[in-house]
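Because only heavy atoms are used, hydrogens play no part in the values below, and waters and symmetry mates are left out as well, while side chains stay in. This is a predicted model, so every value here is computed, not measured.
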Protein chains: 2
Amino acid sequence: MSSALVGPQTAKRASAKRAAKESRPARSVPEATVARLPVYLHALTALADTGVRTVSSGDLARAAGVKPAQLRKDLSHLGSYGTRGVGYDVVNLAAQIGLRVGDSQPWPVIIVGLGNLGRALANYAGFRSRGFPVVALVDAAPEVVGGRIEGLPITSIDDLDATVAATGATIAVIATPAEAAQRVCDQLVAAGITSILNFAATVLTVPSWVRVRKVDVGQEMQILAYHEQRKGPAGLPGAPAVAHFAEGES
Amino acid sequence: MSSALVGPQTAKRASAKRAAKESRPARSVPEATVARLPVYLHALTALADTGVRTVSSGDLARAAGVKPAQLRKDLSHLGSYGTRGVGYDVVNLAAQIGLRVGDSQPWPVIIVGLGNLGRALANYAGFRSRGFPVVALVDAAPEVVGGRIEGLPITSIDDLDATVAATGATIAVIATPAEAAQRVCDQLVAAGITSILNFAATVLTVPSWVRVRKVDVGQEMQILAYHEQRKGPAGLPGAPAVAHFAEGES
DNA sequence: GCTTGTGAATCTGTTCACAGCA
DNA sequence: TGCTGTGAACAGATTCACAAGC
């Protein structure tokens, strides 16, 4: 589990700045930027579909819901794909971002857990269309195994190793109940999965080479509720509160 | 659109540091902390269920997947609910966080869009159990309206104003196709909704007093794919890669 | 003219390290 | 002796503002 084997950020402290300065052509895009690339790509695709050829940082930023300066800074981490005085070539920029985001190849995905959510995900068309074909459906319940969804058979969790090997998947989606999530996660990791999208309401413990992203609807709701809470007691809706400057919506 | 009336963090720009120093007892919890409160609450609830009475920042941090210092800093924004040399009282701390997260009252929720995802969400039990009863299901398609899910009737989007007024909901979930999302969003806002959880793959434009959180499965996948991309070409799995500095997984 | 790309300034969040207290 | 709570140091991300270039 959290046994040593770490060694990560070991010599990071001391070396840092000076060492990284030369020899490297500026690798690594900031994580915050990576998280926005899909948004930019989506906006660019929409623009391309409507026949727009070039777009300015201002326009693209508006479509993506960010500020122009942020967009330019983000894109600058990828390279210089714009033309001063003109803007960005929509198709070319989309291609460049697509490259980074792995659009050039399909990423086969395994879905584990076929309750309500798992089934909805298995039927979700946007999955395949975005380059993530669902190649296997896995569950533990004997009465579920053997069924089919969208023509794809549901296989047993006991055959996970074979399933992963056969499909070549490296990404998995966990849509099981919270109690089963960690166990399933361990099995996925053992089978060679290195990226996991976790819909279960649990914190997963994984080795350092495995990346997990969590989607927790309940938590999102609670974050919204936190802010609703603030509003309620303060001022009545409709009644103009005191000062306030409009926010530019992030 | 960006008219205005919030009231909170009002004169922030100009005043800043100097002014904020005195008179204010440190209001407002950082957004990053707010996003973690639900995780802490979940971990505490689990601990309480197993009968644990007190917990140290180290143990709770491990359960929540953060560092102890981070947990203490986060909790310090809420007040001093721990006991030096001992730890935190599980039940009391859970109560305090629950208070902030709005656990004390139910937050009725409306779900708009009853395709695969909407139906899965409507059936999602964890919704109600976390204090977010689904009080209305809304769709636009005539052939869907009139049906029932979990005993709840599906009403027409045309009756939205009445539905919101009747239920008193302030939070809504958008699970429509992307094309319909902005239109639905506008209608929700007009009806009085002030918090939205958006599952559609679009950036929503809303007035400043409305809060939106987005859940986009496709985007999450692309973020995972971005990192998979880095790994792939570099070294074979199993074969120790060259240099390579391990990242410290957050 | 116009818009990009980027250093510098700022803001936000995280981590350290230790004083304060049971 | 612990473990919390927190100032101070650090790191990361955002925003500003302007030089560079079409």
_Stepwise side chain to side chain contact (heavy atoms under 4.5 Å, CB included) test for A:L41 and A:D103_ = CA-CA 10 Å; A:L41 182 55; A:D103 252 15; 3.7 Å; yes

_Nearest-angstrom distance from the residue atom OH of A:Y81 to P of C:dT6_ = 12 Å

*Using whole Å, report how far CG of A:D89 lies from P of C:dT3.*
16 Å

*Report the nucleotide, chosen from D:dC3, C:dG13, C:dT4, that has the shortest atom-to-atom distance to any side-chain atom of B:S56.*
D:dC3

_Of the options D:dG5, C:dG5, D:dT15, whose atoms approach the side-chain atoms of A:K67 most closely?_
D:dT15

*Side chain of A:Q229, backbone of B:L99: donor and acceptor closer than 3.5 Å?*
yes

*Among C:dG5, D:dT15, D:dA13, find the nucleotide with the atom closest to the side chain of A:E31.*
D:dA13

_Euclidean distance, atom CG of residue B:L75 to atom C1' of D:dT4 [Å, nearest integer]_ = 10 Å

*Hey, are B:R183 and B:D186 close enough for a salt bridge, meaning a charged N less than 4.0 Å from a carboxylate O?*
no

Listing, residues 192-204 of chain B side-chain donor-acceptor contacts under 3.5 Å, not counting sequence neighbours, or none:
from: B:T194; atom 1: OG1; to: A:E228; atom 2: OE1; distance (Å): 3.2
from: B:T194; atom 1: OG1; to: A:E228; atom 2: OE2; distance (Å): 2.5
from: B:S195; atom 1: OG; to: A:E228; atom 2: OE2; distance (Å): 2.6
from: B:N198; atom 1: OD1; to: B:A200; atom 2: N; distance (Å): 2.9
from: B:N198; atom 1: ND2; to: B:A200; atom 2: O; distance (Å): 3.3
from: B:N198; atom 1: ND2; to: B:T202; atom 2: O; distance (Å): 3.0
from: B:T202; atom 1: OG1; to: B:A178; atom 2: O; distance (Å): 3.4

*asked:* Output the rounded distance in Å from CD (A:Q70) to C1' (D:dG12).
replied: 12 Å

*Between B:Y88 and A:A69, who's closer to the 5' end of DNA chain D by nearest nucleotide?*
B:Y88

_Looking at D:dG7, I'd like to know if its phosphate oxygens (OP1 or OP2) sit under 4.0 Å from a side-chain N or O belonging to B:R72._
no

*asked:* Without decimals, in angstroms, what is the distance between A:L71 CG and C:dT4 P?
replied: 8 Å

*Can you check whether B:S57 has a side-chain N or O nearer than 4.0 Å to OP1 or OP2 of D:dC3?*
no

*For residues A:F127 and A:L121, report the shortest heavy-atom separation together with the two atoms involved.*
CD1-O, 3.3 Å

*Could you state the atom-to-atom distance from NZ of B:K73 to P of C:dA17 in whole Å?*
14 Å

*Just checking, is any N or O donor in the side chain of B:D74 or B:Q70 under 3.5 Å from an acceptor N or O on the other one?*
no

Distances under 3.5 Å only, N/O to N/O: pair up the protein atoms with those of nucleotides 19-22 of chain C.
from: C:dG20; atom 1: N3; to: B:R84; atom 2: NH1; distance (Å): 3.1

*Rounding to a whole Å, what distance do you find between A:D74:CG and C:dT6:P?*
13 Å

